[in-house]
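When reading the values below, keep in mind they use all heavy atoms of this one structure, side chains included, and skip hydrogens, waters and symmetry mates.
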Amino acid sequence: SDPRILRAIAYVNSHLTGALTLERVAAEACLSPSRFRHLFVEETGMALRPYILWRRFLLTWDLVGRGESLSAAAHTA
């Protein structure tokens with residue numbers, strides 16, 4: 001895997017509860033947004049937005065598994 005994409009994934013995973021934009025994540029990977037978009041899909045098989053939504057979904061269920069209410073977990077994620 002490309003280390004720039006791995007860095008971007010780590011950034012997304014550590015900032016799931018905040019606002020994530022293509023421009024900010026691409027900057028974290030030191031790539032232009034258009035190049036990042038292409039490379040991210042090539043490396044992960046999915047676009048950034050669905051990836052972020054999937055990770056937030058997993059975060060919600062992790063929080064529910066730890067005893068949070070579904071409503072509170074969804075608001076957190």
Side-chain angles (χ1 to χ4, degrees):
S1 292
D2 190 301
R4 297 168 295 183
I5 298 303
L6 293 176
R7 187 169 51 245
I9 288 171
Y11 178 80
V12 167
N13 291 340
S14 65
H15 291 85
L16 282 175
T17 59
L20 290 165
T21 64
L22 172 65
E23 292 76 17
R24 180 66 202 120
V25 179
E28 190 67 27
C30 301
L31 294 167
S32 70
S34 61
R35 179 65 185 138
F36 174 79
R37 181 182 297 124
H38 173 77
L39 191 57
F40 190 86
V41 170
E42 187 177 298
E43 291 286 320
T44 65
M46 65 179 9
L48 179 63
R49 183 73 180 139
Y51 177 80
I52 292 170
L53 292 173
W54 175 249
R55 293 298 302 155
R56 285 180 174 159
F57 174 78
L58 293 178
L59 174 60
T60 299
W61 285 110
D62 182 52
L63 293 171
V64 167
R66 290 194 234 163
E68 291 282 335
S69 70
L70 184 56
S71 178
H75 284 292
T76 298

| query | Can you list the residues that meet the side-chain contact (heavy atoms from CB on, under 4.5 Å) rule with Ala10, with sequence neighbours excluded? | reply | none

| Heavy-atom pair with the smallest gap, counting every atom of Pro33 and Glu23 | CG-CG, 4.1 Å

| query | If every non-hydrogen atom of Glu43 is compared with every non-hydrogen atom of Ser1, which pair is closest and at what distance? | reply |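 For Glu43 versus Ser1, the nearest heavy atoms are OE1-CA, 3.3 Å.
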
Using residues 67-77 as the side-chain source, report each donor-acceptor pair under 3.5 Å to any protein atom, sequence neighbours left out, with the distance given to one decimal.
unit_1	atom_1	unit_2	atom_2	d
Ser69	OG	Ala72	N	3.0
Thr76	OG1	Ala72	O	3.0

| request: Please list, chain by chain and in numerical order, all residues satisfying salt bridge (charged side-chain N to carboxylate O under 4.0 Å, His left out) with Arg24, sequence neighbours excluded. | output: Glu28

| query | What residues form a salt bridge (charged side-chain N to carboxylate O under 4.0 Å, His left out) with Arg37, not counting sequence neighbours? | reply |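 Per chain and number, Arg37 pairs via salt bridge (charged side-chain N to carboxylate O under 4.0 Å, His left out) with no residue.
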
| request: Starting at CZ of Arg56, measure out to CG of Asp62 and round the result to the nearest 0.5 Å. | output: 15.5 Å

| message | Nearest 0.5 Å, please: how far is OG in Ser32 from NE2 in His38? | response |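 One gets 11.0 Å once the value is rounded to the nearest 0.5 Å.
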
| Whether over 12 other heavy atoms sit under 6.0 Å from Arg49 CZ | no

| Shared-cluster residues of Tyr11, by chain and number - hydrophobic side chains joined below 4.5 Å |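 When side chains under 4.5 Å apart are linked, the cluster holding Tyr11 also contains Ile5, Ile9, Val12, Leu16, Leu20, Leu22, Val25, Leu31, Phe36, Leu39, Phe40, Met46, Leu48, Tyr51, Ile52, Leu59, Leu63.
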
| task | Under 4.5 Å between side-chain heavy atoms, chaining through other members, with only Ile, Leu, Val, Met, Phe, Trp and Tyr counted: pull out the rest of the cluster around Leu6, sorted by chain and number. | result | none

